[in-house]
Amino acid sequence: MPSWLETQHSLKRRLIDEDDFEWKLPTSSRNKTSVEEHGGHQLVLKYVGGVDVSFLKEDPSVACGSLVVLDLQSLQIVYQDYSLVRLRVPYIAGFLAFREVPILLPLIEKMKNNQSPYYPQVIMVDGNGMLHPRGFGLACHLGVLANLPTIGVGKNLHYVDGLNEEEVTRLLQAGRRRGEDFVKLMGNSGSIWGAAMRSPRGSQDPIYISVGHRVSLDTAINIAKITRQYHLPEPVRQADLRSRDYIRQHKSTLLNLADSSWKSRAAIDLFNDLAISGVLWFPVFKDGLESFCRWHLTDMHTTDQCDMFRSFLIKQVYYENLALTEQQLFAMRLEDFLISNGKRLLKFLNN
DNA sequence: GCGACAG
DNA sequence: ATCTTGTCGC
């Protein structure tokens, strides 16, 4: 089975980082009816999708994926769909796609299979595209697998190629003096990873636009510009708001499925005492339902650490414990495990 | 070696 | 991602 790293590299070979679509952007951004709309043969961009995933705070393994499609002219929603799933893949910086693509891709494929008239011509993704340590973030991953143009929209800067927020802020200031509300981000290596855009008003925080798949950076920036009314481009904002809403509305139902009995203060304290950092997922069972216990610890840092940690978890924690405790993973057992493996775990994390 | 790490 | 009500300001 290929590693996540290998998967990213092999999918990246299919990435297209230039415009590759039939449609054109509307000529003038506002009200004027474009020639193409009357012309018939030329297609104008009309349906822009947005995707996002939200979580249930009481049980972070419960997630809601959303796909919305907006009409570009009115920026009104013409299609929406949601899916509730239980996640078993932890979030690891640089590997977001492995967590969220399995939720989002089926929503897109469902639309295609149903031959929906609103099938999006481009999708804006809540997560980065090529602005990613290996140039292949969630938006790229989703775009390649769905074979759709995608645009990455990040709310935070993912550290890559020496880029940092101070630098971005500086660049944006300089750009503003030239009357630009965005600036392309060049890393130490000289390559351009994406762009930072100032908010239309108010908010200091920029958003980060990057190529997902089958669009150029310039096109990505243009689409972000014309879909942005607030801090986030409307398709992503709606996907975000509505997946959150959806999960809130189903909260009571979901809470019945959620299992909080495995929470053990003692084990968490033990982790803290051992000064272990990272995120641990333990499989637990209750009433025949599989659930995952997520131990959220301080933080995990370098990619190498993440990779080692992940393989450790999968080998040592996930499979072995699953096999050992088919019934329930009690706090005592968990503590026992930590006590007997704590040193090793520490050593492992510190190389 | 440390620290920076989308959602 | 998720921890969140009123509050300061245009």
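Protein chains get the first letters and strands the later ones, always in sequence-line order, with residue 1 at the start of each.
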Can you run through DNA chain B from 5' to 3' and write each base as (, ), [, ], | or . depending on how it pairs? Watson-Crick or G-U wobble, both distances under 3.5 Å. .......

Expected output: side-chain A/S216 to main-chain A/D19 donor-acceptor under 3.5 Å: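 Looks like no, no N/O pair under 3.5 Å.
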
I'd like to know if the side chain of A/R237 and the backbone of A/D240 have a donor-acceptor N/O pair within less than 3.5 Å.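 No, because the side chain of A/R237 does not come within donor-acceptor range (under 3.5 Å) of the backbone of A/D240.
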
Is it the case that the ring center of A/H141 lies less than 6.0 angstrom away from the ring center of A/F98?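 Yes, the ring centres sit under 6.0 Å apart.
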
For A/Y82, side-chain hydrogen bond (donor to acceptor under 3.5 Å, both in side chains) partners two or more places apart: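 Applying side-chain hydrogen bond (donor to acceptor under 3.5 Å, both in side chains) to A/Y82 gives A/Q80.
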
Could you give the [atom1]-to-[atom2] distance, from [X] to [N], as a whole number of Å?
X      : N     : atom1 : atom2 : value
A/H132 : B/dA4 : NE2   : C1'   : 15 Å
A/R248 : C/dA1 : CZ    : P     : 13 Å
A/L131 : B/dC5 : CG    : C1'   : 11 Å
A/D205 : B/dG7 : CG    : P     : 11 Å
A/N188 : B/dA4 : CG    : P     : 17 Å
A/L142 : B/dA6 : CG    : C1'   : 14 Å
A/R134 : B/dC5 : CZ    : P     : 15 Å
A/L96  : C/dA1 : CG    : P     : 10 Å

Side chain of [X] only, heavy atoms from C-beta on: which candidate in [options] is closest?
X      : options             : answer
A/S54  : C/dT2, B/dG3, B/dG7 : C/dT2
A/K57  : B/dG3, B/dG7, C/dT2 : C/dT2
A/K155 : B/dA6, C/dA1, B/dA4 : C/dA1
A/H158 : B/dG7, B/dC5, C/dT2 : B/dC5

What I'd like to find out is whether the side chain of A/P120 reaches to under 4.5 Å of the side chain of A/M111, using heavy atoms alone.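 A/P120 vs A/M111: side chains touch.
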
Quick check: do A/Y208 and A/V153 have side-chain heavy atoms less than 4.5 Å from each other? no

Give [X] one of three labels, base, sugar-phosphate or nothing, depending on what nucleic acid heavy atoms sit under 4.0 Å from its own.
X      : answer
A/L157 : sugar-phosphate
A/G154 : sugar-phosphate
A/N164 : nothing

Quick one: is B/dG7 close enough that its OP1 or OP2 comes under 4.0 Å of any side-chain N or O from A/N156?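 Result: yes.
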
Are OP1 or OP2 of C/dT2 and a side-chain N or O of A/R244 less than 4.0 angstrom apart? yes

Cation-pi geometry met for A/R13 and A/F136 (6.0 Å, 45°):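 Negative - A/R13 is either too far from the ring of A/F136 or too far off its axis.
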
